[in-house]
Each structure stands twice: as structure tokens, then as C-alpha cells.
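Reading through the C-alpha cells given below for one structure.
Lettering follows sequence order; numbering is per chain, from 1. No hydrogens, no waters, no symmetry mates; every other heavy atom, side chains included, goes into these values.
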Amino acid sequence: MSTQDQEQAATQNLTLVQSVRDALATEMELDDEVLVMGEDVGKNGGVFRATEGLYDEFGEDRVIDTPLAESGIIGTAVGMAAMGLKPVPEIQFSGFAYPGFDQIVSHMARLRTRSRSRYTLPMVLRMPYGGGIRAPEHHSESKEAFYAHEAGLKVVIPSTPYDTKGLLISAIRDPDPVVFMEPKLIYRAFRGDVPEGDYEVPIGEAVTRREGSDVSVFTYGAMTRPTMEAAEELAGEGIDAEVVDLRTVSPMDREAIVESFKKTGRACVVHEAPKTGGLAGEITATLQEEALLYQEAPVTRVTGYDVPYPLYALEDYYLPNAARVADGIKEAAEF
Amino acid sequence: MSTQDQEQAATQNLTLVQSVRDALATEMELDDEVLVMGEDVGKNGGVFRATEGLYDEFGEDRVIDTPLAESGIIGTAVGMAAMGLKPVPEIQFSGFAYPGFDQIVSHMARLRTRSRSRYTLPMVLRMPYGGGIRAPEHHSESKEAFYAHEAGLKVVIPSTPYDTKGLLISAIRDPDPVVFMEPKLIYRAFRGDVPEGDYEVPIGEAVTRREGSDVSVFTYGAMTRPTMEAAEELAGEGIDAEVVDLRTVSPMDREAIVESFKKTGRACVVHEAPKTGGLAGEITATLQEEALLYQEAPVTRVTGYDVPYPLYALEDYYLPNAARVADGIKEAAEF
Amino acid sequence: MSTLERDPDDGMVQVIDEEGGVVGDVPDLSEDEFVAMYRHMKLARHFDERAVSLQRQGRMGTYPPLSGQEGAQVGSAMALAEDDWMVPSYREHGAAMVRGLPLKETLLYWMGDERGSHIPEDANIFTPAVPIASQIPHATGMAWADKLKHDGETDRAFICYFGDGATSEGDFHEGLNFAGVFDTPNVFFCNNNQWAISVPRERQTASETLAQKAVAYGFEGVQIDGMDPLAVYKATAEALEKAKNPDEGERRPTLIEAVQYRFGAHTTADDPSVYREDDEVEQWKAKDPIPRLERFLRGQGVLDDDRVAEVEESVREEVADAIDAAESTVRPDPESMFEHVFAEQTPEIRRQAEEFAQLRERHGDEAFVEE
Amino acid sequence: MSTLERDPDDGMVQVIDEEGGVVGDVPDLSEDEFVAMYRHMKLARHFDERAVSLQRQGRMGTYPPLSGQEGAQVGSAMALAEDDWMVPSYREHGAAMVRGLPLKETLLYWMGDERGSHIPEDANIFTPAVPIASQIPHATGMAWADKLKHDGETDRAFICYFGDGATSEGDFHEGLNFAGVFDTPNVFFCNNNQWAISVPRERQTASETLAQKAVAYGFEGVQIDGMDPLAVYKATAEALEKAKNPDEGERRPTLIEAVQYRFGAHTTADDPSVYREDDEVEQWKAKDPIPRLERFLRGQGVLDDDRVAEVEESVREEVADAIDAAESTVRPDPESMFEHVFAEQTPEIRRQAEEFAQLRERHGDEAFVEE
Ligand SMILES: Cc1ncc(C[n+]2csc(CCOP(=O)(O)OP(=O)(O)O)c2C)c(N)n1
Ligand SMILES: Cc1ncc(C[n+]2csc(CCOP(=O)(O)OP(=O)(O)O)c2C)c(N)n1
Ligand SMILES: [Mg+2]
Ligand SMILES: [Mg+2]
């Protein structure tokens with residue numbers, strides 16, 4: 001679809017979770033081989049309603065309620081995909097993907113390599129991730145770094161309804177497996193214009209959400225919001241932050257990251273995953289590998305703490321918020 | 001045991017894997033609550049012979065051959081440890097830990113937090129890791145970053161027979177769960193003096209294997225060897241590298257890392273894990289957070305590539321070797 | 001004959017029918033014990049109603065109701081001896097209260113307060129596990145530890161609760177298989193409440209009963225009427241006995257499938273009207289374990305209107321007090337987040353805790369919490 | 001009557017006894033097919049012997065021998081129709097060769113050459129999986145896909161191989177449970193060779209047979225003599241039929257437990273003398289499927305000394321040629337490491353590949369490989 005067509009296409013005003021649903025419906029309509037499977041995705045429409053109505057629209061052979069078994073879900077999806085279907089399994093919360101972790105890292109990530117491309121896996125593993133919704137234990141983790149560290153997986157984390165639909169469609173069409181992590185904190189936090197019909201947002205490309213000249217702030221997913229808030233706040237204080245939303249954390253858009261940094265010479269990375277071993281380290285290492293001579297201040301990291309995600313009474317203290325992000329940006333700006 | 005006693009204690013000349021066995025035997029002798037369990041650890045003495053003879057010495061109730069089920073092994077060990085035993089489960093190869101990954105990250109790492117220390121887990125999860133032994137698929141991975149990113153776990157990776165015994169004893173005595181990753185490439189590569197009887201090497205402390213003034217090289221496990229080789233080689237070329245062996249990758253000895261870097265202003269990190277999301281990123285980020293003003297060159301990363309570990313015909317090309325490490329050190333030195 | 005040795009085709013074990021009439025061997029309980037059983041069930045039910053309403057009023061987070069399942073929870077928990085252990089999932093606060101877990105703790109837990117996860121030192125209850133079925137290997141390991149520590153002899157058994165959905169997970173399989181191989185003193189108690197959120201029992205597995213899955217592990221499985229607290233008590237007591245009675249070669253684990261129904265939503269975040277019919281709910285409500293036990297006990301002359309009113313009054317008070325206590329508990333100290341990670345804080349956690357303290361000082365708590 | 005419907009207490013299905021005498025219904029195979037079966041088994045055995053010796057001579061890496069298991073592998077593979085699929089573990093190269101996997105590929109694979117993992121496009125064989133039991137959900141998913149794609153009708157079945165040890169893994173449970181729920185056209189074929197490395201069958205599970213584990217999934221399980229290639233053929237053929245024969249409501253998966261023995265080591269890295277007695281090995285060698293089939297076929301007049309010699313000669317040649325072909329294959333291009341990760345290289349992989357090319361140029365291959 002050309003840009004022109006897109007402008008003419010009708011748009012809807014959707015929440016992020018509605019745009020997930022819209023992407024699924026759109027692709028299922030266009031491609032008979034796409035199917036959705038998982039716990040409670042059928043009649044119930046998913047615990048977050050991301051598959052709402054699809055069961056009625058596409059029937060139980062394409063919107064499949066499975067037994068409660070993540071390894072079974074991911075493992076059978078691997079088998080389906082190897083036979084040419086395009087399954088989009090849902091894991092109810094990213095914290096419950098681990099019983100299926102072996103299928104993800106030992107098979108999803110590797111079947112193409114292992115079979116020298118005789119078998120490929122056009123599948124998308126969807127999972128809501130992240131904190132802030134006052135949920136019980138294990139419902140709030142942010143462990144994208146696990147998947148980004150496993151070669152053979154692409155890892156996408158959108159932050160707007162428009163991108164969500166476009167990226168999910170790209171992921172479904174991608175001939176290789178994609179882990180699609182959805183920021184459930186902002187599933188319904190705001191709406192955005194989303195074209196009807198199909199369009200792609202390319203995997204692997206970051207986007208600049210706010211141009212700025214003083215500090216580059218790299219973030220993704222739900223953390224984009226407090227980051228933008230902090231950037232706006234700091235504008236009032238004379239600090240002009242550039243906010244880059246990675247959108248795909250693997251493969252990372254290193255070019256965009258480095259380019260922004262070369263302009264500002266200062267950076268702050270924001271994610272809600274724990275600090276140690278989180279992707280902020282990867283981004284920082286990339287920056288100083290590729291652009292040390294531009295660097296004017298330490299790259300600051302604003303992240304979750306190195307403790308298990310707390311029960312919800314304290315989660316607001318755990319998650320980076322605008323105040324913390326602003327501090328991190330300032331620290332980079334004022335060094 | 002005081003240093004003096006240690007000097008007097010008889011020493012044995014052991015390989016690294018023999019020192020694993022020696023540590024287990026020593027602690028099992030001293031503490032009835034220590035037991036070993038896993039696939040083939042009993043009569044067979046472990047596929048790497050790390051538990052050789054323990055079955056005959058301690059009997060089938062303390063050296064337990066289990067069914068072939070990693071989640072069952074780790075999950076039952078969690079239950080045992082919660083009841084006060086000190087299980088030391090073995091996972092045959094780190095690439096086969098993933099069926100038990102949920103038990104590791106959702107329970108081993110969190111039971112203390114979840115129960116507010118009512119239940120604690122004095123357990124050690126042993127697993128050989130890493131490449132270079134001409135083994136089939138999944139037998140050569142190096143994924144310590146997964147465990148280092150999970151709060152609540154300590155992750156130890158020794159590189160000498162002496163440290164292996166002392167660290168494993170410390171790990172068994174630690175009131176909290178430890179993931180103990182053994183560099184199987186050097187299980188039998190060389191021998192070292194190992195005192196008889198018990199002694200501890202503290203968890204969380206790096207050691208300088210070679211003092212140097214030009215570049216700090218941070219590494220651990222099996223990569224310590226090619227790193228030392230490269231350092232010696234470069235000494236001939238007038239580059240004086242300091243080699244720091246982390247020994248524990250979580251909690252990392254940030255103090256030692258930063259201190260060495262402050263001296264040299266240049267660093268190279270070496271690990272066999274894939275680059276993206278590997279711990280070299282974490283180390284680099286720490287360096288520039290804490291010591292940017294000392295930094296004179298980009299931190300170079302010499303790591304595995306971002307591809308699935310290849311079958312063995314190509315593994316020598318995948319693994320960092322002395323030549324590659326030397327290049328990385330030089331790059332940092334000559335920037 | 002032990003109910004555990006029945007032919008599976010004989011159908012579910014039952015002691016009292018839906019009218020409270022006796023159809024099996026009534027377990028040998030004292031009058032006080034019968035009243036206690038009744039009171040526990042009433043307490044669980046009333047607590048449940050109040051908890052749901054607290055959640056509705058925004059005074060508590062997501063909460064998983066247990067109404068309909070009191071018979072299974074209380075009947076089984078009462079069969080435990082003092083020294084026995086309980087390894088629950090997230091829905092067994094009814095069973096846990098029988099074993100001495102204060103209601104206040106349960107409330108705090110669902111209010112997102114970590115301190116609610118602390119089980120009192122004198123209660124043999126394991127911390128509830130949220131990842132489905134993951135507690136099953138723990139229960140096996142705990143029982144195994146007990147057996148190993150006591151040289152093969154043991155007088156303690158370990159009951160582990162989980163749902164029908166949990167039987168599909170690998171951890172169910174591995175946990176039960178280990179138990180079979182190592183003859184651990186376990187009772188695996190499956191609360192088959194017909195639904196795993198929106199997925200019906202028939203979609204979980206093609207096996208006719210869940211009890212028959214025990215065949216795969218070489219031990220007995222029994223299907224019981226989980227809404228009959230006396231059948232539950234009886235089967236659990238027998239299974240516990242078999243788990244710990246140390247006749248050489250006779251100690252075996254057991255799988256109990258307690259057939260029951262969850263009257264309410266899966267959790268307060270769930271809307272069951274989307275996936276099940278009211279009719280079905282009504283049919284199962286006819287089997288409600290509480291009136292059923294009440295009718296039986298009235299018939300036995302153990303209960304009358306006065307005692308019932310007394311129980312109701314005391315139950316209301318107990319729950320109200322617990323809610324007061326929970327709600328008047330001062331909020332947890334944010335810095336407690338950095339505690340209980342390790343026995344000793346690592347340098348990095350200490351550093352982060354300090355950074356955090358400064359951050360709070362700089363911005364005040366307003367920056368974190370919307371009041 | 002189908003052998004699948006037998007009472008489990010009737011013991012193992014057998015067609016020929018250890019002397020090659022007929023004790024069951026001989027499957028309806030042509031003389032050519034019988035000879036082919038015999039030849040495949042001889043080929044597998046001879047290949048195995050040569051492979052072990054290549055490993056000993058340092059010409060190949062670790063290798064998992066299959067001697068003793070030829071009856072199960074060849075008997076089952078021959079029962080497959082052209083369109084059926086095979087999902088193997090690491091030990092089924094005997095079955096895979098029946099289905100058209102060239103011996104050379106198997107050799108390359110165990111020589112650590114990635115190209116050996118490429119299954120020829122026209123062979124319906126899935127790439128072998130090393131993590132135990134992990135291929136079982138794949139097989140279920142593949143069969144399920146076929147059923148979904150063909151609107152519930154299907155004339156293809158999917159056989160999945162795994163060992164006795166694999167039955168302890170969660171993936172066995174989840175894969176079979178999905179198959180039961182979704183009625184996928186699967187045959188789950190358990191090569192119970194009595195050992196999972198050093199762990200004996202009785203230590204894997206307390207269930208009396210592995211076949212009975214099917215009860216947990218609501219479908220049939222059958223135990224067969226896995227060293228009787230005709231029993232294997234028969235039971236597999238029936239199970240395949242049941243998997244794809246689309247009589248509404250009658251299509252069901254099956255679990256087959258083929259009781260057999262691994263004569264050799266687990267892999268060339270293993271020393272079985274540490275954990276098992278020679279006596280045991282000798283006892284099982286008496287059941288060797290090859291002389292057993294040979295005796296039967298000689299009795300039927302299908303084989304005589306000449307034909308046996310012919311087969312032996314041609315088998316030797318085929319294996320020798322394959323070894324030559326594998327060993328004369330030029331070593332894989334080191335840069336191929338960066339291929340087949342994604343359909344298109346990511347920028348970072350491209351960068352790393354370039355860096356790698358420069359590195360090799362700088363240092364020469366000597367720096368990497370000791371010759
Ligand atoms: C491993 C895992 N997957 C998914 C979930 C989300 N989840 C919570 S409860 C539930 C259904 C559980 O059903 P069942 O085992 O029957 O227990 P019930 O809730 O009915 O008591 C699901 C899918 C989870 N908690 N853990
Ligand atoms: C998940 C996993 N754990 C452990 C291993 C190591 N391992 C390889 S083969 C094997 C034994 C397998 O036994 P069985 O399933 O009986 O198959 P067999 O080798 O006897 O054919 C083990 C433990 C593995 N490959 N995968
Ligand atoms: Mg349920
Ligand atoms: Mg076996």
C-alpha cells in the first residue's frame with residue numbers, strides 16, 4: 001500500500017490492544033494460513049481481549065483454545081509453522097513463557113539454522129509484558145533481554161497503536177519467528193489513528209519520537225510514555241532531549257542509535273527490565289564502540305532494579321517514572 | 001581454615017573436573033544435608049565424571065539418579081532445599097537447562113523474596129557450559145547472561161581447579177541459590193594444586209590473573225585461557241595487558257573491574273556467549289558509568305557471534321581464540 | 001475397603017448426597033470437628049464474598065474467588081495432621097485458613113503487600129505459587145526431603161493442590177512421575193472445578209477422568225465428589241495414611257480428583273458470562289457443599305438454628321476484624337523491595353537501594369504514587 | 001482384531017519369536033518387501049559398526065549407535081506410506097535411511113558438518129532434535145497442521161520417535177495431551193531400549209508399562225516386541241491407519257511402546273560397563289532382530305545363503321561409498337555460519353560476517369584450526 005493510499009484509507013481511533021486485534025483480523029482475512037492459538041484466546045477473546053471476536057469471525061480451527069501448557073503451545077506452533085501454517089500463539093503473560101522457554105530458544109530460534117532452511121518458521125509469539133497494572137506475582141516482568149540474546153529470534157516491542165498494527169502485520173509476514181512483546185500497561189492508556197486494511201511497519205527500524213539536540217534518550221514499549229513526559233518537562237528547563245523509540249530490540253537499529261548519539265554526544269537509556277544484563281548495557285556498549293569520540297558524558301541507565309518485581313503495592317517505586325527518567329536525562333546533560 | 005593451615009594442608013594435583021568432584025565429596029563428608037542429584041550422576045558418575053565414585057561413597061540416597069526431566073530435577077530440588085536439605089542438582093549440559101528454566105527463574109530465584117525469607121534455598125545448580133569439545137547441537141552454549149539478568153540468583157564461573165573447589169564449597173554453603181557453570185572445555189585441559197579438605201573462595205570477588213598497565217581484559221571461565229595466551233603474546237609486542245578473571249558473573253565485582261580500568265583507561269571484554277545481550281555490554285556500561293573520565297579508547301568486545309552455535313566442524317571459528325583476543329586487546333591499546 | 005482401591009468405573013466417591021443424605025461411610029469425626037468443618041466453610045464463603053466486594057470497591061487488587069470449592073478445601077485441610085504440610089496454588093486460602101494462615105495475611109497478599117506472603121513460622125504451609133502446576137515438583141521435593149531426612153520412615157505427608165488446568169502442564173507430569181519413582185509421601189489433590197479460566201475440562205485433556213492419569217505414574221488415582229466435604233475428608237485421610245504409613249513397600253502417593261465447581265469468576269478480572277451458561281452454574285449450585293453439610297449436620301442433631309446463627313455471627317466478625325487489620329496496616333516500606341533478595345545485600349543492590357533512597361528524598365513519594 | 005485394542009495384560013504383541021518361528025499374524029508383505037526389510041536392517045547394522053569405528057579412529061565426532069534397534073526402526077519406517085512423515089530423535093538414522101535420507105548426510109551430521117542436517121526436499125523427514133522429547137510437540141503440531149489444512153480429512157500420518165527416557169519429560173506429556181485433545185493423526189513411537197544413558201527403565205517411572213501412559217491422554221497404548229520387525233510393522237501400520245482413516249470420531253493417535261535393547265554404548269562417549277552387566281546384554285542379544293528375521297525368511301524360502309551374501313556385499317559397498325563421499329566432501333565454508341539464521345541477514349550479522357572475513361584474512365585459517 002503506497003503512502004498515498006494510506007492517507008486515503010479510512011482510519012480508526014484504536015487503543016493499542018485493539019490494534020493488536022485489528023492486525024490479527026486483517027491478516028487472518030488476507031491469509032488463510034494465519035491462525036491464533038493459546039490459553040483463553042477463543043470464546044473468551046483473550047484475558048486482555050486481544051483476540052476478541054476472532055473466534056466468532058474465523059471459527060475454532062483458526063482461533064484455537066489450547067490446553068494450559070506453554071511448551072505444548074509453542075512446540076505445536078513450531079510444528080505447524082514448519083508445515084507452512086502461520087501460527088500466532090499467545091502467551092497469556094510474558095512471565096508464563098518460561099515453561100515453554102526450551103521450545104523458544106532451542107527450536108523456534110534454531111530450526112532454520114538446524115535444517116539449513118529446509119524448515120522455516122513463519123510464526124509470531126505474542127506476549128503482553130511489563131508492569132504497572134496491579135497484577136499478582138509473575139504478571140509484570142520485562143525480560144526482552146532473554147530473547148534478544150538468543151540468535152535466530154526477532155524481538156519487537158511497539159509503543160503506539162499505529163506501530164502495533166503495522167509491526168504485527170510485518171511480523172506475521174516475516175518468514176522467520178518473531179517474539180512480539182506487547183506493553184500491556186498502555187494496552188488501553190490512549191488511542192491513536194490506525195488505518196483500516198493492511199500496512200507494514202518495518203521490523204528493525206527505530207523511530208524518533210521527539211527531535212532534540214542535547215541528549216539522546218533510547219527507550220521502547222511502555223517506557224516511551226514516561227520518557228516523552230520527562231522530555232517535555234525538561235524542555236521547560238532548557239534541556240532538549242531527543243527520544244528514540246527502538247520498536248524492535250532485536251535486530252536493533254544500531255544505525256539510528258549511533259546517529260542520534262553522534263548529534264548529541266549524550267545518552268540516557270530507559271527500560272523497565274532489571275538493570276544488570278538489561279539491554280541498556282548493550283546500547284551503551286554499542287555507542288562507545290561506534291562513537292566514543294562523540295561521547296561527552298556517561299550514558300545513564302534508568303531501569304528496573306536488580307530485585308524480583310515487587311507485588312503491586314510497591315510497583316510504582318520499581319518502575320521508572322517521568323521523575324526518574326528526567327533525572328537520568330539531566331545527569332547525562334549536566335555531566 | 002587460616003592461610004597458614006592451608007599452606008600446611010596436603011595438596012593434590014587435580015583437573016578442574018576432579019576439583020568439582022573433590023568439592024562435592026568434601027562437603028558431603030562434612031554436611032549430611034548436602035546431596036547430589038541429576039541424570040546419570042549415580043552409578044555412572046556423571047557424563048563428565050564430575051560425581052565419580054560418590055555413589056559408592058555416599059549411597060543412593062545422597063547421590064540420586066533421577067528420571068530424565070530437568071524441570072522435575074530443579075523443581076524437586078527447590079522443594080528439598082526449602083525443607084533444609086542442600087541439594088546440588090546437576091544439569092547434564094547447560095543447553096538442557098531450558099526445560100527447567102521456569103523453575104530457575106520463577107522459583108529458585110524468588111522463593112526467598114516471595115516468602116519474605118520464611119523459605120530459603122541453599123541449593124547449587126551445577127551445569128557444564130561452553131564450546132570446544134566437538135559435541136552435538138545444544139551441547140556448547142554459553143548463556144550465563146540469562147541467569148545474570150534474573151535477580152535472586154548468583155552465578156559463578158570458575159577457571160582453575162583451585163577456584164573451582166573453593167567456589168563450589170562457598171556456593172554449597174551459601175544460604176541462597178547459586179548457578180554454578182563449569183567450563184567443560186577445560187575440565188581436563190590442565191591440572192592445578194588443590195588443597196585437601198575444605199576451604200572457601202569467596203563468591204563475588206574477581207581475581208587479577210596477570211597484572212598489566214596498558215589494557216584491562218575482563219573475562220571468565222574457559223575464555224581465561226586464550227586471554228592469558230594473548231596477553232603473554234602481546235607482552236612480546238610491548239603491550240602490557242592486565243587480565244581480570246571475574247569468577248562470579250553475578251554479583252559482579254564492579255569494584256575490581258572499575259579499579260583495573262582506572263589504572264589502564266582501556267579495556268577489552270572476552271566471552272564466548274553471543275555478543276548481543278552478552279555480559280560484555282554490562283561490563284562496558286559499568287565502566288563508562290563509573291569511570292568515563294578515565295576512558296581512552298572504546299571498550300572492545302571479543303565474543304561469540306550472533307548466530308546459533310555451529311556444529312563442531314566450524315566451532316573453532318566461532319569461539320574466541322588467542323588471535324582474536326589479541327586483536328581485541330590491540331584495538332583497545334592502539335586506539 | 002479403602003476408597004482409593006475402588007474400580008474407577010464405580011464412579012465418584014460420595015458420602016453425603018446433594019440433600020445431605022448419607023450414601024457412604026461417614027468419617028469418624030467428633031461433634032466439635034463437624035462444627036469446625038461447617039464453620040471453616042462458612043468462613044471461607046463469607047471471606048470470599050467480602051474479598052470480591054473489596055476488590056469491586058478498589059480496596060484490593062485482583063482476587064481469585066473460591067466459592068463452591070469450600071468442601072474440597074476445608075474437607076481436605078481438616079484431614080491433615082498437625083505435622084503434615086500443605087503446598088497450595090493461589091486459590092487455596094480456604095484450605096490455608098484451616099491450617100492457621102490468618103485472614104489478614106491473605107488480604108495483604110491480594111492487596112499487593114509482600115508481607116502477606118509471609119507464612120507464620122508455625123504453620124506448615126508453603127508459599128502459594130502462581131505459575132500453574134509449578135508447585136507440584138516442589139511438593140514432591142519437600143516430601144522426598146522428609147523421607148530422606150528420616151531415613152525412609154516418615155510420619156508426615158505433603159498435600160499439593162492444583163486445578164484441572166494444571167494437569168496439562170509438564171510440571172504436573174514430572175512432579176507426579178518423580179513421586180511415583182521415589183515413593184514420596186505425597187497426596188496430589190486436583191481441584192477439578194471444570195474450568196481453567198474459559199477453557200472447559202474436556203478441552204484440557206481427552207482422558208475420561210483426571211484421576212486415571214495416575215496410571216501413568218504407577219500409583220492410584222481416585223475421583224471423588226469434591227462438593228461433598230465428607231467424601232473429601234475420607235479420601236484425603238486415606239491417602240495421607242497411605243503416604244506416611246511406613247509398611248515397607250506400601251507407602252505410595254495418590255492422585256485425588258475432587259470434582260467440583262467454581263461458582264464465581266476465575267478472578268475478579270474475569271467475566272464468566274462470556275464463556276459459560278448460567279444454567280450450568282445453577283445446576284452446580286444445587287450441589288453447594290455448605291447447605292449440604294448443614295442439612296446433614298442438622299439431621300444428626302449437631303446443628304440447629306441457634307448454632308447456625310452463632311457461627312454466622314462469629315464468621316462475620318472474624319472477617320470484619322481481618323479486613324480492619326489489613327486496611328489499617330501501614331503501607332509497606334518502599335525500601336523493603338531491596339530486602340529478602342539474598343541473605344545479605346550484594347554491593348550492587350545496596351547501591352541501588354541508596355540511589356533509590358536519594359531519589360525518594362529528592363522527589364518525595366508524590367512523584368511515585370498517585371494518592 | 002487390531003493389536004491396538006488388546007487387553008494390556010495380554011503382554012507384548014509378537015509375530016515371530018526369538019527363533020524366527022511364527023506366533024502371530026504375519027503382515028502381508030511381498031517377497032521384495034521382505035528382502036528390503038532385511039536389507040535395510042543389515043544396512044543399518046553395518047553402517048552402525050562402521051560409524052563407531054570411524055569415531056574411534058578420530059574420523060567422526062560423538063555418534064549414537066543403534067545396533068539392536070534395527071527391528072523397531074526399519075519395521076516402523078517401512079509401514080509408513082510415501083506421504084507420511086517421520087519426526088525422529090538423534091538415534092533414528094536407521095529409520096531415516098529407509099525413508100530416503102542418504103547415509104552420507106547422516107555421516108556429515110555426526111562429523112559436525114551443518115550440511116548433513118539438510119534433509120532432501122523430497123523426503124518427509126523432520127530434522128532430528130537433540131533435546132530429549134522436544135520433538136514430540138512438533139510432531140503433534142505438524143499432524144495438526146495437516147488436519148487443519150485439509151479440513152479435518154487427512155491421508156497422512158506423522159510418526160514421532162523417542163526413547164524410554166523421553167517419557168519423563170514434560171514435552172512428552174504436553175505433546176501427547178494436545179494430540180488427544182485435537183485428534184491429530186499421530187503415532188507416538190517409543191523406542192524403549194531399557195536405558196536412558198545409565199538410567200534403567202524402572203528408574204524412569206513407576207508405571208508398569210510405558211504404553212499405559214496413553215491412558216492419561218484418552219487414547220490407546222500398545223506394548224510390542226520391538227525386536228520383532230514384523231510385530232513392529234504390523235502395529236505401526238494399524239496405528240497409522242487409525243490416525244488417518246477418517247471415519248468421523250474414529251481417528252485417534254496411538255502410543256506404541258516397542259520393547260527393545262541397545263546393544264552398544266549410549267554414544268561413543270559412553271561406557272556402559274560402568275552401569276550394566278554383560279549378562280543382561282547377552283540375554284538381549286538372543287533376541288537380535290536380524291538373525292531372527294533372517295531365520296524366518298529362510299524358513300519361508302525368501303532368503304538363502306546366496307541372497308544373504310548378496311545383501312551383505314551390497315550393504316558393505318553402499319556404506320563404503322557413503323563414507324568416501326562424506327570424507328571427500330570439502331570442509332564447510334566457515335562463513336556459512338552466518339547463513340541460515342534468518343531469511344535475510346540482519347545488519348549486525350552482516351557486520352559480524354565481514355569482521356570475521358577480515359579476521360580470517362588477517363590470520364589465516366591456521367590461527368583457528370589445528371591441522
Ligand atoms: C504457567 C502459567 N500459565 C498461565 C497462567 C495464567 N493462568 C492463571 S490461572 C489459569 C487457569 C488455571 O486453571 P486451573 O488449573 O483449572 O485452576 P483454577 O484457576 O480453575 O483453580 C491460567 C491460565 C499461569 N498462572 N501460569
Ligand atoms: C532435555 C535433555 N536433557 C538431557 C539430554 C542429554 N541426554 C542425551 S540422550 C539422553 C538419554 C536419552 O534416553 P532415551 O530417551 O531413553 O533415549 P535413548 O538415548 O535410549 O535412545 C540424555 C539424558 C538431552 N539431550 N536433552
Ligand atoms: Mg480449574
Ligand atoms: Mg532409552
Honestly, the part of Glu52(B) sitting under 4.5 Å from a heavy atom of chain D is neither
Minimum side-chain heavy-atom gap Phe96(B)-Pro131(D) below 4.5 Å = yes
For Tyr161(D), ring pair (Phe, Tyr, Trp, His ring centres under 6.0 Å) partners two or more places apart = Phe189(D)
Below 4.5 Å from any heavy atom of chain D, which atoms of Asp40(B) appear? Answer side chain, backbone, both or neither.
-> both
In Å, rounded to the nearest 0.5 Å, how long is the span from CG of Leu108(D) to CG of Leu311(B)?
-> 10.5 Å
Contact part of Phe342(D) toward chain B, heavy-atom cut-off under 4.5 Å: side chain, backbone, both or neither?
-> neither
Under 6.0 Å from the CD atom of Gln57(D), do we count more than 12 heavy atoms belonging to anything else shown?
-> yes
Non-hydrogen atoms of chain D under 4.5 Å away: do they reach the side chain of Pro99(B), the backbone, both or neither?
-> side chain
Inter-residue atom distance Phe356(D).CZ - Tyr318(B).OH, 0.5 Å rounding | 12.0 Å
By a 4.5 Å heavy-atom criterion (distance strictly below it), what part of Phe93(B) contacts chain D: side chain, backbone, both, or neither?
-> neither
Does any non-hydrogen side-chain atom of His139(B) lie less than 4.5 Å from one of Val130(D)?
-> yes
Would you mind checking which part of Asp333(D) comes under 4.5 Å of any heavy atom in chain B, side chain (CB onward), backbone (N, CA, C, O), both or neither?
-> backbone
Atom CE in Met60(D), atom OH in Tyr312(B): separation rounded to 0.5 Å?
-> 7.5 Å
Do the non-hydrogen side-chain atoms of Glu335(D) and Tyr317(B) ever get within less than 4.5 Å of each other?
-> no
Residues of residues 322-335 of chain B with a heavy atom under 4.5 Å from any heavy atom of chain D, in residue-number order, are Ala323(B), Arg324(B), Asp327(B)
Check whether Ser117(D) gets within reach of chain B through its side chain, its backbone, both or neither, counting any heavy atom under 4.5 Å.
-> side chain
Donor-acceptor contact present, side-chain Gln352(D) to main-chain Asp306(B), <3.5 Å = yes
Non-hydrogen side-chain atoms of Lys43(B) and Arg276(D) separated by less than 4.5 Å = no
Contacts satisfying side-chain hydrogen bond (donor to acceptor under 3.5 Å, both in side chains) that involve residues 101-113 of chain D (not counting sequence neighbours) are Asp113(D)-Arg115(D)
Region of Glu169(D) that comes under 4.5 Å of a non-hydrogen atom in chain B = both
Is the closest side-chain heavy-atom distance between Ser336(D) and Leu314(B) below 4.5 Å?
-> yes
For chain B, which of Asp271(D), Leu359(D), Ile349(D) has the most heavy-atom pairs under 4.5 Å?
-> Leu359(D)
Contact listing (chain D partner; residues 54-65 of chain B; heavy atom under 4.5 Å) = Glu60(B), Ile64(B), Asp65(B)
Ranking Lys275(B), Glu39(B), Arg134(B), Glu315(B) by heavy-atom pairs under 4.5 Å to chain D gives rank one to Lys275(B)
Say you draw a straight line from OH of Tyr275(D) to CG of Asn44(B); how long is it, rounded to the nearest 0.5 Å?
-> 6.5 Å
In short, Ala313(B) meets Arg331(D) closest at the heavy-atom pair O-NH2, 3.4 Å
d(Leu68(B) CG, Gln204(D) CD) to nearest 0.5 Å is 5.5 Å
Checking Ile197(D) against chain B: side chain, backbone, both or neither under 4.5 Å from a heavy atom?
-> both
